[in-house]
Undergrad: 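Have a look at this one.
In what follows, chains carry the letters A, B, and so on, assigned in the order in which the sequence lines appear, proteins first and then strands, with residues in each chain numbered from 1.
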Amino acid sequence: MARPVRVRFAPSPTGPLHIGGVRTALYNYLFARQQGGTMILRIEDTDQTRFVPGAEDYIRRSLAWCGIELDESPWHGGPHAPYRQSERKATYQALARQLVERGQAYYAFDTPAELETMRQQLLASKAEHTGYGSQTRLQMKNSLSLPATEVQARLAAGEPYSVRLLVPAEGEVVFDDLVRGQVRVQANTIDDKVLLKSDGMPTYHLANVVDDHLMEISHVIRGEEWLPSAPLHVLLYRAFGWEATRPQFAHLPLLLKPEGEGKLSKRDGDRLGFSVFPLAWDGGAPAPETDETGPDDEPTPQPTGRSSGFREDGYLPAALLNFLALLGWHPTTDQELLSLPEMIAQFDLSRIHKAGARFDIQKAKWFNQQYIKQLSNEELAQQLTPELASRNLSLPPAKVVAIGGLMKERITFVKDIVTDGAFFFEPPTEYDAQVVAKKWNADLTGYLAALQSALATVPQLDEATARELTHQVAEQRGLKPGSLMQGLRVALTGAPGGPDLMGIIAVLGQAEVEKRLGLALAMVPLP
RNA sequence: GCAGCGUUCGUCUAGGGGUUAGGACACAUCCCUUUCACGGAUGUAACACGGGUUCGAUUCCCGUACGCUGUACCA
């Protein structure tokens, strides 16, 4: 029982890594780090027809961006290399053969067309069991139903065959899931699943069980979509005689659509305007999503091959991880802002929720806002600089830092500074109509004009002198500063609200303030 | 259809035989701010339904409904 914790994240390179996959990877990582265990990444690329170039590298870059570190992987290597299933083919074949020899599995010669025909017949006859199993296997073409000589002949002739698991006709499969507790299933409801495909590649079931065993995986933490096949996997461990070291299962709740029914899909992101991928993806057409090919589904729109990602949308990796971690798990306290080390310290498989979690992008935004607020002005400036550069805006570093400080508490994404704080970079093109109507009178224009000429009297315009000057000029004219400030703000920025006015003036600088005052004055519609 | 899993505010969730059922997002109001935001305070809002067990059930059991996942030589 006290065996070293070894967990794995095992994605298929069939397209960009889904955000649900990121959460699965995160939970594995949290558990591994907390237990002082090992985090392994294995590429499950046994379906050559769904292989997408670039997907594997996308997975690597995504996890790296998130800060999910791997101890063993195709890229890091490790004691159980290779970590790509396509490179482990011989192992699966040998083990599958072993199973056949021991009578735990058998050869099947049915063609896909024959299987389909049989399925239709069984469905039509309303048979109790429609799968390929104890009730039906003797009606099929396999080494159980065919004479041994014919089996040998077919094999010798090089006829394509698959290997299927011989599932016991009776009995119950029982196992403990760390999230769901005891799960029990009647063996006769489990199909004789294909283990080895006729192309010589293993199916997920075989490769997964074999690799988890060989790689000494202690805990299988994966999505709930695998729960129905877990009993089959238990049977496989049993057939191999690996029950004693079988990993413990933990099946995670699914990430659901924000509205409506079903798993979160790429379409939801497109429709509702958010990403479901960590990084932007432009590596060609993603493989069709398997969760969208059901017969009742509306036709899947042709994927554009291009999707935005959380990174490009402006999310900080720490915020994304925090948001994701709480979708299905909750610490013992009410604390919601959790750093990675805090999550590692508090993570607990037994506190994972059982029901699926709807994906609410609102909350993700809130997390991002919180994490931006925690950034120092310098850190924020560092993030802001490339954002500015991409829009051909350039400012002295000190001003970028100042702008960051001014805007930090009023943005959700760093790039919001460019839009919400556009006035930092160029004069307003229009002035808030309400304020103009209410506040732009002779008092104000006189004040603005006086302020404009007074600007030259101060050596430099920092926040303190700005405050001094703006108030002084008002008092000289017998006016209360308070009544003038919003007018001044609109004259300078065009907007009725925003960050501290004196801070804005300081960033703008003497020359720019004078220029904008002139601009505003020229606009004032006075009789 | 069959199998498995699930069901606490609109959403993420805490809790658990006796609670004013707690927190967060969102929403609303107020305070702070001569602005806006941040922050603070307050408010609206939930135990799917029906039986049982029990002095007492949202909590335990059974059933129903609903939902999800699976039911591929995809993962």
Undergrad: Tell me: OH of A/Tyr204 to P of B/G70, nearest whole Å?
TA: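 Taking OH of A/Tyr204 and P of B/G70, I get 13 Å after rounding.
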Undergrad: So which nucleotide does B/G70 pair with, by the Watson-Crick or G-U wobble rule with both distances under 3.5 Å?
TA: B/C2
Undergrad: As a test of reading the structure: which of B/C12, B/U69, B/C74 is closest to the side chain of A/Arg358, going by heavy atoms?
TA: B/C12
Undergrad: Please state the C1' separation for the pair B/A26 and B/U33 - nearest whole angstrom.
TA: 24 Å
Undergrad: Please report the distance separating the P of B/U7 from the corresponding atom of B/C61, rounded so that it comes out in whole Å.
TA: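 It comes out at 12 Å once rounded to the nearest Å.
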Undergrad: Looking at every strand, decide which applies to A/Arg119 at a 4.0 Å heavy-atom threshold: base, sugar-phosphate, or nothing.
TA: sugar-phosphate
Undergrad: What integer number of Å spans the C1' atoms of B/U69 and B/G50?
TA: 27 Å
Undergrad: Between B/U13 and B/U71, how far apart are the two P atoms, rounded to whole Å?
TA: 25 Å
Undergrad: In whole angstrom, give the distance that lies between atom CG of A/Asp212 and atom P of B/A75.
TA: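 Nearest whole value for this atom pair: 15 Å.
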Undergrad: Between B/U34 atom P and A/Lys438 atom NZ, what is the distance in whole Å?
TA: 17 Å
Undergrad: What is the distance, rounded to the nearest whole Å, between atom CG of A/Leu256 and atom P of B/U11?
TA: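 From A/Leu256 CG to B/U11 P: 11 Å.
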Undergrad: The side chain of A/Gln486 is closest to which nucleotide in this list: B/A14, B/U35, B/C74?
TA: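 Of the options given, the side chain of A/Gln486 lies nearest B/U35.
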Undergrad: One thing to verify: whether A/Glu224 and A/Arg180 come together as a salt bridge, which I'm taking to mean a side-chain N less than 4.0 angstrom from a carboxylate O.
TA: yes
Undergrad: Any salt bridge between A/Arg351 and A/Asp348, counting N to O under 4.0 Å?
TA: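 A salt bridge is absent here (no side-chain N lies under 4.0 Å from a carboxylate O).
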Undergrad: Once you apply a heavy-atom cut-off of 4.0 Å, does A/Lys373 come out as touching a base, just sugar-phosphate, or nothing?
TA: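 Here A/Lys373 touches the backbone only, sparing every base.
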Undergrad: Expressed in whole Å, how much space separates the C1' atoms belonging to B/U19 and B/C2?
TA: 42 Å
Undergrad: Within a reach of under 6.0 Å around CD of A/Gln182, are more than 12 heavy atoms found that belong to other residues, nucleotides or ligands?
TA: yes
Undergrad: Between A/Glu44 and A/Arg8 (salt bridge meaning N to carboxylate O under 4.0 Å), is one present in this structure?
TA: no
Undergrad: How would you list, by chain and number, every residue that makes a ring-ring contact (aromatic ring centres under 6.0 Å, His included) with A/Tyr371, sequence neighbours excluded?
TA: none
Undergrad: Assign a letter to each nucleotide of nucleotides 1-9 of chain B from its 5' end: B, base within under 4.0 Å of a protein heavy atom; S, sugar-phosphate only; -, no contact.
TA: --SSSSS--
Undergrad: Give the rounded distance in Å between these two atoms: OH of A/Tyr371 and C1' of B/C38.
TA: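 About 18 Å, once rounded to whole Å.
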Undergrad: Say we look at B/C62 and B/A28: how far apart would their C1' atoms be, to the nearest angstrom?
TA: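 The answer is 43 Å between these two C1' atoms.
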Undergrad: For A/Pro253, report the nucleic acid contact type (base, sugar-phosphate, nothing); a contact means any heavy atom under 4.0 Å.
TA: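 Nothing, no nucleic acid heavy atom in range.
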Undergrad: In this structure, how many angstroms lie between the P atom of B/U34 and the CG atom of A/Asp443, rounded?
TA: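 It works out to 21 Å between those atoms.
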Undergrad: Considering only side-chain heavy atoms of A/Leu327, which listed nucleotide, B/C73, B/C12, B/C68, is closest?
TA: B/C12
Undergrad: For A/Asp110, what residues pass the side-chain contact (heavy atoms from CB on, under 4.5 Å) criterion, not counting sequence neighbours?
TA: A/Ala108, A/Glu114, A/Leu115, A/Tyr132, A/Met140, A/Lys141
Undergrad: Side-chain N or O of A/Lys197 less than 4.0 angstrom from OP1 or OP2 on B/A75?
TA: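 Checking A/Lys197 against B/A75: at least one side-chain N or O falls below 4.0 Å of OP1 or OP2.
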Undergrad: Taking ring-ring contact (aromatic ring centres under 6.0 Å, His included) as the test, write out the residues that go with A/Tyr431, two or more places apart.
TA: A/Trp440
Undergrad: Could you work out which one of B/U69, B/C38, B/C73 sits closest to the side chain of A/Thr203?
TA: B/C73
Undergrad: Any N/O pairs under 3.5 Å between the protein and nucleotides 21-25 of chain B? List them or say none.
TA:
unit_1, atom_1, unit_2, atom_2, d
B/G23, O4', A/Asp334, OD2, 3.4
B/A24, O4', A/Glu336, OE2, 2.7
B/A24, O2', A/Glu336, OE2, 2.5
B/A24, O2', A/Lys363, NZ, 3.0
B/A24, N3, A/Lys363, NZ, 3.0
B/C25, OP1, A/Trp366, NE1, 3.4

Undergrad: Taking the nucleotide of RNA chain B with the nearest heavy atom to each, does A/Asp45 or A/Pro481 sit closer to the 5' end?
TA: A/Pro481
Undergrad: B/C25 pairs with which nucleotide, Watson-Crick or G-U wobble, both distances below 3.5 Å?
TA: B/G10
Undergrad: Could you measure between the two P atoms, the one in B/U42 and the one in B/U54, and give it in whole Å?
TA: 42 Å
Undergrad: Got a sec, which residues hit side-chain contact (heavy atoms from CB on, under 4.5 Å) with A/Gln335, two or more places apart in sequence or on another chain?
TA: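 Result, side-chain contact (heavy atoms from CB on, under 4.5 Å) vs A/Gln335: A/Thr333, A/Leu338, A/Glu342, A/Gln346.
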Undergrad: Whole angstrom is fine here: how far is it from CG in A/Leu252 over to P in B/U69?
TA: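 The distance from CG of A/Leu252 to P of B/U69 comes to 16 Å, rounded to the nearest Å.
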Undergrad: Any Lys/Arg nitrogen of A/Arg42 or A/Asp211 sitting under 4.0 Å from an Asp/Glu carboxylate oxygen of the other?
TA: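 Salt bridge present between A/Arg42 and A/Asp211.
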Undergrad: Under 3.5 Å between N/O atoms: give me all the protein pairs with nucleotides 60-64 of chain B, atom names plus distance.
TA:
none

Undergrad: Touch check for A/Gly223, heavy atoms < 4.0 angstrom, all strands: base, sugar-phosphate only, or nothing?
TA: nothing
Undergrad: Output all residues satisfying side-chain contact (heavy atoms from CB on, under 4.5 Å) with A/Ser145, sequence neighbours left out; order by chain, then residue number.
TA: A/Leu138, A/Asn142
Undergrad: The side chain of A/Glu409 is closest to which nucleotide in this list: B/G70, B/A75, B/C38?
TA: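 Comparing B/G70, B/A75, B/C38 against the side chain of A/Glu409, the answer is B/C38.
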Undergrad: Atom CD of A/Gln335 and atom P of B/U13: how far apart are they, to the nearest Å?
TA: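 Those two atoms, CD and P, are 17 Å apart.
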Undergrad: Applying side-chain contact (heavy atoms from CB on, under 4.5 Å), can you list everything that pairs with A/Arg489, at least two apart in sequence or on another chain?
TA: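 With neighbours one apart ignored, the set is A/Thr493, A/Leu501, A/Ile504.
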Undergrad: Going by ring-ring contact (aromatic ring centres under 6.0 Å, His included), name the residues that satisfy it together with A/Trp366, two or more places apart in sequence or in a different chain.
TA: none
Undergrad: Base, sugar-phosphate alone, or nothing: which one does A/Gly498 contact when heavy atoms must sit under 4.0 Å apart?
TA: base
Undergrad: Using the C1' atom as the point on both nucleotides, what is the distance between B/A46 and B/G22, in whole Å?
TA: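 These two C1' atoms come out 12 Å apart once rounded.
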Undergrad: Would you mind checking if A/Glu409 and A/Lys373 are paired as a salt bridge, meaning a charged N to carboxylate O distance below 4.0 Å?
TA: no
Undergrad: With sequence neighbours left out, which residue pairs that include part of residues 247-269 of chain A fulfil the ring pair (Phe, Tyr, Trp, His ring centres under 6.0 Å) condition?
TA: A/Phe175-A/Phe249, A/Phe249-A/His251
Undergrad: When we call it a touch if two heavy atoms are under 4.0 Å apart, what does A/Leu501 touch: a base, just sugar-phosphate, or nothing?
TA: nothing
Undergrad: Mapping A/Asp500 and A/Lys193 to their closest nucleotides on RNA chain B, which lands nearer the 5' end?
TA: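 The residue whose closest nucleotide sits nearer the 5' end is A/Asp500.
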Undergrad: What is the pairing partner of B/U35, taking Watson-Crick or G-U wobble pairs with both distances under 3.5 Å in any strand?
TA: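 When the pairing criteria are applied, nothing turns out to pair with B/U35, so the answer is none.
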Undergrad: Which residue pairs satisfy the salt bridge (charged side-chain N to carboxylate O under 4.0 Å, His left out) criterion with at least one member in residues 188-207 of chain A, sequence neighbours excluded?
TA: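 Output for this query lists A/Arg137-A/Asp192.
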Undergrad: Which part of the nucleic acid does A/Asp420 contact within heavy-atom distance under 4.0 Å: base, sugar-phosphate only, or nothing?
TA: nothing
Undergrad: By the 4.0 Å heavy-atom rule, please label A/Thr46 as base, sugar-phosphate, or nothing.
TA: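 Sugar-phosphate contact only.
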Undergrad: Across the strands shown, which category fits A/Ser198 at heavy-atom distances under 4.0 angstrom: base, sugar-phosphate, nothing?
TA: base
